[in-house]
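A short write-up of the structure that comes next.
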Amino acid sequence: MSKTGDETRARILKACSDLLQQGPDAQARMSDIARAAGVSRQAVYLHFPNRAELLIAATRFIDEASGVDGRLVASRAATSGTARLDAYIQAWGDYIPVIHGVGRALMAMAESDEAARAAWDDRMAAMRHGCAAAVEAIIRDGLLRPDLDQTRATDLVWTLLSVRNWEHLVSDCGWSQADYVAGIQRVARAALVAATA
């Protein structure tokens, strides 16, 4: 792709991510995104053949712009399963406020919008992958509770780290961000790690 093409693609992704960050009432139709980016609808379709691909690319653009890989360094470098679990919960838990506006928009749109659902599912699948890696590290250490298997343990961590749970605790119940992270870390360890460990 040419430099001009790369710049246009970046403008489209930035415009889309800015619209999504406006929250659940955001209008993120192809025409809205084209107008916000200052390009034609045809230019948008040239770079993204359909809206689902554009929304998925926009959420990944937000991840890149927010330095999500840097946030995961401690988790990936952890030398024990419990340390990896704690570090992953810290990384994702502290990332939720960054992507909360986009998440709320996509979740609200997902009820009736297949493209928004695909974009949110793509991000949640990536988050689940991080949960699975933490569970795998606990299994390698021989610390997983005997009444759990890898899938169920991953299900538990993935559910604990849902954006909705963060909203309930931080927005509805008034927990601080630090209390939220520490609380989820405690609950996850109690749920996953064998009592004899």
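If you're wondering where the values come from, they're calculated on a predicted model, not measured in any experiment.
Looking at V39 and I12, their side chains come closer than 4.5 Å, going by heavy atoms from C-beta outward. With a 4.5 Å cut-off on side-chain heavy atoms, C16 and L54 count as touching. Two residues are said to be in side-chain contact when any heavy atoms from C-beta on lie closer than 4.5 Å; L55 and L20 meet this criterion.
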Requested in this report: Check step by step if side-chain contact (heavy atoms from CB on, under 4.5 Å) holds for M109 and W120.
Outcome: CA-CA 10 Å; M109 293 160 60; W120 187 242; over 6 Å; no
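D86 and R189 are joined by a salt bridge, as a carboxylate oxygen and a charged side-chain nitrogen come within less than 4.0 angstrom of each other. Salt-bridge check for R35 with D32: passed, with a basic side-chain N closer than 4.0 Å to an acidic carboxylate O. Salt bridge absent: D113 and R117 never bring a charged side-chain N and a carboxylate O closer than 4.0 Å.
Remark: the backbone N or O of K14 is paired with a side-chain donor or acceptor of S17 at under 3.5 angstrom. Judged purely by atom type and a 3.5 angstrom limit, Y88 has no side-chain atom pairing as donor or acceptor with the backbone of A132. Here the side chain of E53 pairs no donor or acceptor atom with the backbone of F48 at under 3.5 angstrom. Listed for the W166 side chain is no donor-acceptor partner under 3.5 Å among the backbone atoms of Y180. The main-chain N or O of M127 is never found under 3.5 Å from a side-chain atom of W92 such that the two would form a donor-acceptor pair. Judged by distance alone, the side chain of T59 and the main-chain N or O of I56 form a donor-acceptor pair under 3.5 Å.
Under the side chain to side chain contact (heavy atoms under 4.5 Å, CB included) criterion, A134 pairs with R84, L85, not counting sequence neighbours.
Between I138 atom CD1 and R145 atom CZ the span is 12.0 Å, to the nearest 0.5 Å.
Counting only residues at least two apart or on different chains, the side-chain hydrogen bond (donor to acceptor under 3.5 Å, both in side chains) pairs with a member in residues 127-143 are R128-D155, E136-Q150.
Y95 and D63 form a side-chain donor-acceptor contact under 3.5 Å, judged by distance and modelled atom types alone. Using modelled atom types and a 3.5 Å distance limit, the side chains of Q90 and D94 yield a donor-acceptor pair.
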